[in-house]
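Written below as structure tokens is the structure these notes are about.
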Amino acid sequence: MGLSARVRDEFPLLGQSAHGKPIVYLDSAATSQKPREVIDALVRYYEEYNANVHRGIYAIAEKATLAYEEARGKVAGFINARRPEEVVFTRGTTEAINLVAYAWGLHSLRAGDEIILTTMEHHSNLVPWQLIAGMTGARLKFWDFDGEGKISLEELDRLLTGRTRMVALAHQSNVLGTFNPVAEAARRARAAGALVLVDAAQSVPHMPVDVQQLGADFVAFSGHKMCGPTGIGALWARYEHLEALQPFHGGGEMIMLVELDRSTYKEPPWKFEAGTPNIAGAIVWGAAVDYLTRIGMEAIRAHEQQLTGYALVQLQEIKGLRIHGPKNPAERGGAIAFSMDGVHPHDIAQVLDQEGICVRAGHHCTQPLHRRLGVAATVRASLYLYNTADDIDALVRGLDKVLAYFAPSRRSGVGAEGRRGA
Ligand code: PLP
């Protein structure tokens, strides 16, 4: 699993320790760590050309504006957008989805119109639609997953009607890890006259994503999950949609002409970027895109697939541990949620924390999904380009400690000593 040996040293945080143990970071689905060159780009911006964008005509303001717009171009190139102007900077995936829900849904949906969502959606691709449905009288319909955590296109065909206006779904589930068939879903939904929004928060960071091939109308994703800073993300949309949509926020810099009682707006994407944007965030996200591009998204996906396969095999050997989601690493990403019979997820996370292992315990912003699984919470270990087989081995040894505390009779004895290289 060669990739990470090369890149791991580039992430300063991965050299830190917690509770006297080297940090094993397995929570990249929540947020990723940042390589040195991305951190340096942040310092360089604030030390050398911190100024507001699209306003000043002095040198550093022009440099900041140029860098901000260059970052838009980098993000657009990363997802193969037709043009940079199809990328609207937002605070992240959540704001990007809210932008569509309000700027499109509030103005376009009528009572009785239908919005189809899967039952595995993150709250950020569920709650905005609940709000808009409440305001417009539109109806939410749910596309459920099967026992393996997969959704079927036949079920989508059954749900689509002449009233379906929007199909919104995650590309990769942040809990089940499932890759959903978004391109085929987009083809079928658009053929039925609906728009399609893809929540790509867990796919753009982990695999090549080409928005033209996806064929959706809107794609939302976050910078902080792909080695960039927090507080920045994007909505990609077909340009004709951005032209047709109403602004989401009003304020400075999104206008052409302001009268006391009305205004005209700039062209997209700027009409959606009211106020001082997250300039540092966008520029530094551009540095993260450069970093990931240099490593190569194919190589990152191959590394994660291999490591996910290894993790699934190792975890399934632990007695009483159940993985939620597909078991074939080709069908899923590296967000791996699991339950251990008789042990509370928070207890698991706490024991692992004492070993320096960072995992997440809880509902991971997917309460309906957890209800559907019949559990209140799960533990989630999630992988990225810097993780190694040693990290998985550390997790398995940590879980053996969990068994030692909470279910000693289930210990197989291999957890602490018998694993690869341990
Ligand atoms: N959608 C999915 C699938 C996610 O995993 C996340 C974050 O965990 C989000 C949306 C929300 O992203 P953000 O908090 O960056 O807006």
Side-chain angles (χ1 to χ4, degrees), residues 88 90-145 151-171 173 180 182 185-201 215-220 233 235-251 254 261-263 265 268 271-272 274 363 365-372:
V88 178
T90 63
R91 282 197 295 130
T93 306
T94 304
E95 190 177 69
I97 296 172
N98 276 275
L99 193 165
V100 178
Y102 283 85
W104 170 77
L106 195 55
H107 298 281
S108 303
L109 290 168
R110 301 281 171 267
D113 285 346
E114 296 168 357
I115 300 165
I116 297 177
L117 308 169
T118 80
T119 50
M120 67 173 79
E121 295 311 308
H122 189 283
H123 295 165
S124 70
N125 197 26
L126 172 59
V127 181
W129 300 113
Q130 292 174 347
L131 289 166
I132 292 304
M135 293 178 208
T136 59
R139 203 157 74 85
L140 303 182
K141 288 170 75 175
F142 290 98
W143 181 5
D144 201 8
F145 56 88
I151 50 173
S152 83
L153 290 161
E154 294 66 40
E155 178 66 2
L156 174 64
D157 290 340
R158 212 181 53 74
L159 289 165
L160 285 168
T161 72
R163 296 303 304 265
T164 309
R165 304 290 314 283
M166 170 62 76
V167 176
L169 78 165
H171 199 173
S173 161
N180 289 325
V182 283
R187 205 187 59 71
R188 294 183 191 204
R190 294 187 93 239
L195 296 176
V196 177
L197 180 144
V198 175
D199 171 352
D217 295 279
F218 304 101
V219 176
L235 172 72
W236 168 85
R238 293 171 187 259
Y239 194 73
E240 60 269 25
H241 292 326
L242 293 180
E243 280 183 310
L245 292 186
Q246 292 294 310
F248 174 39
H249 294 141
M254 48 78 75
D261 59 349
R262 81 192 78 103
S263 302
Y265 312 120
K271 83 172 174 191
F272 298 103
H363 54 66
C365 301
T366 55
Q367 288 183 7
L369 183 156
H370 279 76
R371 221 165 280 130
R372 168 76 177 69

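Every value quoted in this text rests on a predicted model; they were computed, and no experiment measured them.
Looking only at side-chain heavy atoms (C-beta outward), Trp236 and Val198 stay at 4.5 Å or farther from each other. The shortest distance between side-chain heavy atoms of Ile116 and Trp129 does not fall below 4.5 Å. Glu121 is listed as a side-chain neighbour of Leu169, based on a closest heavy-atom distance under 4.5 Å. Annotation: side chain of Pro368 is not in contact with side chain of Thr119 (no heavy-atom distance under 4.5 Å). Counting heavy atoms from C-beta on, the side chains of Phe218 and Met166 come closer than 4.5 Å. Between Gln367 and Arg371, the closest side-chain pair of non-hydrogen atoms falls below 4.5 Å. Between Leu106 and Gln246 the shortest side-chain heavy-atom distance does not fall below 4.5 Å. Leu369 places a side-chain heavy atom less than 4.5 Å from the side chain of Ser173.
Minimum interatomic distance between Ile97 and Ser124 (heavy atoms only, all atoms of both residues): CG2-O, 3.4 Å. Closest heavy-atom contact between Ala201 and Thr93: CB-OG1, 3.4 Å. Here the closest heavy-atom approach between residue Arg165 and residue Asp113 is recorded as NH1-OD2, 3.0 Å. Summarising the geometry of Leu235 relative to Ala96, their closest heavy-atom pair is CB-CB, 3.7 Å, with the distance given to 0.1 Å. Taking every heavy atom of both residues into account, Thr164 and Thr161 meet most closely at OG1-N, 2.9 Å.
With Lys271 contributing its side chain and Glu243 its backbone, the two residues share a donor-acceptor pair below 3.5 Å. A donor-acceptor pair is defined here as one N or O able to donate and one able to accept, closer than 3.5 Å; such a pair exists between the side chain of Arg372 and the backbone of Phe145. A donor-acceptor pair under 3.5 Å is formed between the side chain of Asn180 and the backbone N or O of Ala170. A donor-acceptor contact shorter than 3.5 Å is absent between the side chain of Lys141 and the backbone of Glu114. Side-chain atoms of Asp217 come within 3.5 Å of backbone N or O of Val196 as a donor-acceptor pair. Side chain of Trp143 to main chain of Ser152: a donor-acceptor pair is present (N/O by atom type, distance under 3.5 Å, no hydrogens or angles). Checked by atom type and distance alone, the side chain of Arg238 pairs as donor or acceptor with a backbone atom of Gly215 at under 3.5 Å.
Distance check: Asp144 CG to Leu117 CG gives 12.5 Å after rounding to the nearest 0.5 Å. Between Met135 atom CE and Ile132 atom CD1 the span is 4.5 Å, to the nearest 0.5 Å. Within the model, atoms CG of Leu153 and CZ of Arg188 stand 4.5 Å from one another, a figure rounded to the nearest 0.5 Å. Asn125 CG to Asp199 CG: the interatomic distance, rounded to the nearest 0.5 Å, is 5.0 Å. Atom CZ in Arg139 sits 11.0 Å away from atom CD1 in Ile115 (nearest 0.5 Å). Here the OG1-CG distance, from Thr136 to Leu131, works out to 10.5 Å after rounding to the nearest 0.5 Å.
Within 6.0 Å of CZ in Arg190 there are more than 12 heavy atoms belonging to other residues, nucleotides or ligands.
Within the structure, the ring-ring contact (aromatic ring centres under 6.0 Å, His included) test picks out the following pairs touching residues 94-128 (sequence neighbours left out): Tyr102-Phe248, His123-His363.
Residues that satisfy the ring-ring contact (aromatic ring centres under 6.0 Å, His included) test with Phe272, not counting sequence neighbours, are absent from this structure.
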